[in-house]
Amino acid sequence: HRVDRRQRQMCIRDRNIDNNKRIAQYLSYLNERQQRVLMMIYGLNNYHEHSLIQCGRELKISRERVRQIHLESLKKIKKIIEQQAIKIAA
């Protein structure tokens with residue numbers, strides 16, 4: 001049981017490392033403002049999770065603009081993921 005638990009913990013740790021690398025890779029495709037908005041909203045890279053209003057206050061932009069940047073960023077990442085999937089399938 002002890003070995004199984006240790007193996008599970010190592011597997012989870014490895015998966016988390018892979019996920020963090022993947023997130024960092026996708027963030028690198030975004031401009032600085034887009035990166036910051038996503039990191040603030042999702043609590044990445046030492047940010048705590050922010051609401052749209054909190055992001056807007058810190059970035060000195062409206063909540064609506066934060067929402068727009070958030071959606072633009074997610075669409076851009078989705079497009080990149082789809083393009084990578086097409087390359088792999090080809």
Side-chain angles (χ1 to χ4, degrees):
H1 294 287
R2 192 174 222 182
V3 173
D4 290 341
R5 194 172 104 198
R6 188 173 295 152
Q7 286 176 333
R8 276 195 305 271
Q9 289 172 338
M10 288 174 58
C11 185
I12 290 169
R13 187 197 71 212
D14 291 346
R15 194 174 317 134
N16 287 340
I17 290 170
D18 289 343
N19 287 341
N20 289 340
K21 286 179 183 178
R22 199 170 296 126
I23 289 168
Q25 177 188 9
Y26 292 135
L27 288 175
S28 73
Y29 291 105
L30 305 175
N31 67 41
E32 190 174 326
R33 182 180 262 184
Q34 292 170 325
Q35 290 178 19
R36 192 159 178 210
V37 165
L38 289 186
M39 288 187 295
M40 291 171 77
I41 288 174
Y42 294 110
L44 305 170
N45 294 0
N46 299 322
Y47 281 96
H48 66 277
E49 290 184 21
H50 287 65
S51 67
L52 297 177
I53 293 171
Q54 291 169 323
C55 284
R57 285 185 186 143
E58 193 164 322
L59 298 173
K60 297 179 179 28
I61 57 177
S62 70
R63 180 199 66 80
E64 176 59 20
R65 184 64 187 128
V66 172
R67 187 189 69 77
Q68 292 169 355
I69 294 169
H70 177 222
L71 290 177
E72 290 167 3
S73 303
L74 293 179
K75 285 179 185 177
K76 188 172 186 178
I77 290 172
K78 181 180 177 188
K79 185 176 179 180
I80 291 164
I81 291 169
E82 288 170 348
Q83 290 171 344
Q84 289 175 347
I86 289 170
K87 286 180 185 178
I88 291 171

Is the ring pair H50/H48 parallel, tilted or perpendicular, if the boundaries are 30 and 60 degrees?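 Ring orientation of H50 relative to H48: parallel.
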Applying side-chain hydrogen bond (donor to acceptor under 3.5 Å, both in side chains), run through E58 and Q54 and close with a yes or a no. CA-CA 6 Å; E58 193 164 322; Q54 291 169 323; over 6 Å; no
Tell me if the aromatic rings of Y42 and H70 count as close, with their centers under 6.0 Å from one another.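 Yes; H70 has its ring centre under 6.0 Å from that of Y42.
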Salt bridge (charged side-chain N to carboxylate O under 4.0 Å, His left out) with R22: which residues, sequence neighbours excluded?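 Checked R22 against salt bridge (charged side-chain N to carboxylate O under 4.0 Å, His left out); zero matches.
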I'd like to check [X] versus [Y] (side-chain heavy atoms, cut-off strictly below 4.5 Å). Are they in contact?
X: K21; Y: Y26; value: no
X: V66; Y: I41; value: yes
X: L52; Y: E64; value: no

Straight-line distance of [X] [atom1] to [Y] [atom2], nearest 0.5 Å:
X: Q25; Y: I80; atom1: CD; atom2: CD1; value: 9.0 Å
X: I61; Y: R67; atom1: CD1; atom2: CZ; value: 12.0 Å
X: R33; Y: I69; atom1: CZ; atom2: CD1; value: 4.5 Å
X: L71; Y: Q68; atom1: CG; atom2: CD; value: 8.5 Å
X: M39; Y: I23; atom1: CE; atom2: CD1; value: 11.5 Å

Of the options L30, L27, N31, which is the one that meets S73 in a side-chain contact (heavy atoms from CB on, under 4.5 Å)?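 Single side-chain contact (heavy atoms from CB on, under 4.5 Å) partner of S73 among L30, L27, N31: L30.
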Step through the shown structure and confirm whether more than 12 heavy atoms of other residues, nucleotides or ligands are within 6.0 Å of CD on Q9.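 It does: Q9 CD has more than 12 such atoms within range.
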Nearest atoms (heavy-atom pairs only) where M40 meets C55: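 Closest pair (atom of M40, atom of C55, distance): CB-SG, 3.5 Å.
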Considering all heavy atoms, the nearest Y29-K76 contact: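 Smallest interatomic distance, heavy atoms only, reads O-NZ, 3.2 Å.
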Could you identify which residues cluster with I53, counting Ile, Leu, Val, Met, Phe, Trp and Tyr as linked when any side-chain heavy atoms lie under 4.5 Å apart, either directly or through a chain of such contacts?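 Its cluster mates, by chain and number: none.
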E72 with R65: basic N within carboxylate O range, under 4.0 Å: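 A salt bridge is present here (some side-chain N lies under 4.0 Å from a carboxylate O).
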With a 4.0 Å cut-off, would you call K79 and E82 a salt bridge?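 No salt bridge links K79 with E82.
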